[in-house]
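A short write-up of the structure that comes next.
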Amino acid sequence: MCGIVGYVGHQAAGPILIEGLQRLEYRGYDSSGIAVIDRDGVLDVMKREGKLRDLQAAITRMPNGGTGIGHTRWATHGQPSDRNAHPHASSSGDVIVVQNGIVENYRELRAELQERLDAEGRTWQSETDTEVIPELISREISAGKPLEDAIAYAIGRLRGANAIAVVHRGSPDRMYAARKGSAGGIVIGYGDGEMFLASDLPALLPHTTSVYHLEDGDIAAIDADLVQVRRGGSPTFQPTPTQVDLDPVAIARGPYRHFMLKEIHEQPRALSDTIRGRARLDPASALADDFDLADDTLRGIERVLVIGMGTSLHAAMIGRWWIEQIAGIPADFENASEFRFRAPLLGPSTLVVAVTQSGETIDTLGAMNHVRERWGAPQLVITNVDGSEATRQADASIIIRCGPEVGVASTKTFVGSLAALYLLACRIGHARGQLNEQELTDRLEQLLTAPSLLERGIRQAERCAEIAQVFGGASNFLVLGRGIEYPLAMEAALKCKEISYVHAEGYAAGEMKHGPIALLDQGFPVIALAPRGPLFDKMTSAIQQVRARRAPVIAVGDEGDQELAGLVDHFIGVPPAPPLLTPFSLTPVVQLLAYQLALTRGLDIDQPRNLAKTVTVE
Ligand code: AGP
């Protein structure tokens with residue numbers, strides 16, 4: 001989704017903005033631009049459709065002004081084009097704005113501002129919703145308002161969630177940033193006689209680890225050596241920056257060809273880090289520290305609802321299994337974007353668990369808001385980003401410790417979310433007396449084997465590459481699973497779609513004969529997730545049905561399972577896992593199959609087309 005950067009200080013802003021935008025490329029974008037202003041108020045705005053390299057190629061002379069803002073755009077209003085790329089200027093040319101989010105009432109605002117434009121014989125320069133913002137600000141300045149008041153007024157007129165950065169020709173040594181609602185974050189980085197701005201920490205980390213996250217309603221005036229924030233009607237204050245401990249090296253790709261591959265390999269570590277200190281034996285405890293829901297609260301819960309989107313929804317589906325089976329309490333999952341527009345029957349005894357690696361997904365935040373406003377049910381968020389909007393909205397958080405995930409496709413954060421859900425199931429089960437000490441110990445001991453299951457799954461990378469070579473030209477895949485492997489079948493299909501652009505459907509194997517089987521023939525490969533477990537025989541029946549339609553079968557099953565290997569065309573062995581732990585043994589293989597398929601097709605794996613890492617628009 002869109003990215004914002006900004007700089008004010010003693011260096012030339014241009015190269016810093018471009019470098020910052022490069023660090024945000026992983027968010028996904030279709031155009032980019034920068035605006036730089038020098039001491040004399042000379043303003044340069046450069047923007048281009050396409051990749052950052054297209055923008056760089058178009059910049060024949062890098063301006064040397066010391067203040068600037070930049071943006072990577074992910075089109076919502078108006079297609080990707082040079083003119084729709086940010087920054088956007090007021091018709092007067094004085095006010096320059098970049099925005100993340102959506103101005104929901106932009107049509108209304110355009111109509112209101114039209115009269116002014118007509119009177120001046122000017123027209124809108126883009127089809128975007130954003131362009132009304134500089135125009136509103138500029139109109140208020142013309143009417144005599146100080147710049148800061150004009151920005152506050154404009155922000156107040158916008159409906160929706162927005163994060164903006166602003167520069168003005170008349171204030172060449174200052175930039176402004178403002179946040180309204182949860183259109184992703186916006187962070188100020190404190191340097192030595194210089195200040196940085198970004199929608200995401202990775203763009204700041206090479207420069208500083210001293211940061212201030214703008215809160216909802218904040219408007220910041222940012223000079224090279226001073227930040228002043230105004231919040232509502234309160235007096236202006238100078239925020240105290242906090243230190244972040246993210247390691248810039250961790251966001252480099254290292255020896256891996258793609259971030260996605262690196263992050264797949266980091267999964268055992270991400271899982272170990274996530275459960276460290278949270279899965280204790282002798283005496284057994286799950287989530288004993290650093291968890292804000294008391295046993296009394298957990299004992300009062302009658303039902304758990306797990307929500308999320310995309311990969312996080314698939315984690316939620318698996319979490320539902322664990323909560324039912326381990327905690328012995330009714331549990332459901334739901335797509336957050338659908339849930340938020342329903343009127344389900346929740347009550348204060350339902351625990352709502354939101355899974356969101358970014359903590360900023362608008363659909364999930366909307367669902368959390370819906371829960372709070374309508375039922376006041378307790379909410380827990382599982383996320384990789386401490387301080388994200390979801391953590392602010394929730395009553396309690398489990399921060400997974402996966403480190404920055406740069407590839408747009410979620411991999412290690414999926415595994416981290418799974419670990420958190422498993423721990424949560426154990427904690428609820430224990431608090432409610434469903435698990436005694438020994439049973440809790442057994443469950444946690446099993447979880448402690450999960451990093452090794454992941455590691456052994458990752459060793460199948462070569463085998464996945466061989467199979468991807470065979471099926472690199474296939475246009476369709478059906479992925480089948482049953483029980484706890486069904487959500488993984490959906491995750492496998494999502495990964496294939498996301499990064500390989502291949503049509504894939506994840507199905508419950510029992511459902512196949514009720515429709516999808518009609519698709520099958522020699523050219524329609526089927527991936528079957530079939531580890532030994534309670535539903536193994538049902539899976540092999542489904543595989544037989546597929547084979548009878550001559551569709552090629554790739555089975556992922558237990559290492560050394562000769563019976564299964566003999567039944568299918570291609571076999572990938574993963575370490576045998578206890579029945580509830582198969583998501584950990586199978587996950588690397590489904591990710592690597594999709595990765596290898598994308599590789600055979602020569603695709604942009606870390607930044608798939610049309611996708612964004614953090615989805616902050618509806
Ligand atoms: C995962 O590979 C996708 N990029 C996407 O489905 C993602 O899981 C979804 O947008 C939810 O994101 P979140 O976890 O940040 O809420």
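Read the numbers this way: they start at 1 and go in the same order the structure lists the ligands and their atoms. The first residue in the sequence is number 1, and the count goes up from there.
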ask   = Below 4.0 Å from any atom of ligand 1, is there a heavy atom belonging to Glu360?
value = no

As an exercise, identify every atom of ligand 1 less than 4.0 angstrom from a heavy atom of [X].
X	result
Gly310	6 (O), 8 (O)
Thr311	1 (C), 2 (O), 6 (O), 8 (O)
Ser312	8 (O), 13 (P), 14 (O)

query = Given Lys495 and Glu498, is the salt bridge (charged side-chain N to carboxylate O under 4.0 Å, His left out) satisfied, shown in steps?
reply = CA-CA 5 Å; Lys495 285 285 161 286; Glu498 278 187 302; 3.0 Å; yes

Just by distance, with hydrogens left out, do [X] and [Y] show a side-chain donor and acceptor under 3.5 Å apart?
X	Y	result
Thr411	Gln591	no
Glu49	Ser81	no
Thr361	Asp363	no
Tyr212	Asp218	yes

inquiry  = Tell me whether the rings of His86 and His71 are parallel (<30°), tilted (30 to 60°) or perpendicular (>60°).
reply    = parallel

inquiry  = Angle between ring planes, Phe584 versus Tyr422, binned at 30° and 60°: parallel, tilted or perpendicular?
reply    =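 It falls in the perpendicular class, over 60°.
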
inquiry  = Any nitrogen or oxygen of Thr364, side chain or backbone, less than 3.5 Å from one on ligand 1?
reply    = no

ask   = Does any N/O atom on Val408 come nearer than 3.5 Å to any N/O atom on ligand 1?
value =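 Yes, there is a polar N/O contact under 3.5 Å.
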
Just need the protein heavy atom nearest to [atom], so name the residue and atom and give the distance.
atom	value
atom 15 (O) of ligand 1	Ser358 OG, 2.6 Å
atom 11 (C) of ligand 1	Met309 O, 3.3 Å
atom 3 (C) of ligand 1	Glu498 OE2, 2.9 Å
atom 10 (O) of ligand 1	Val615 CG2, 3.8 Å
atom 16 (O) of ligand 1	Thr361 OG1, 2.4 Å

key: Value rounded to 0.5 Å, distance of CG in Leu287 from CG in Leu293   = 9.5 Å

message = Heavy atom to atom 2 (O) of ligand 1, shortest distance: which of Ser410, Pro608, Ala594 holds it?
response =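 Looking at heavy atoms only, the winner is Ser410.
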
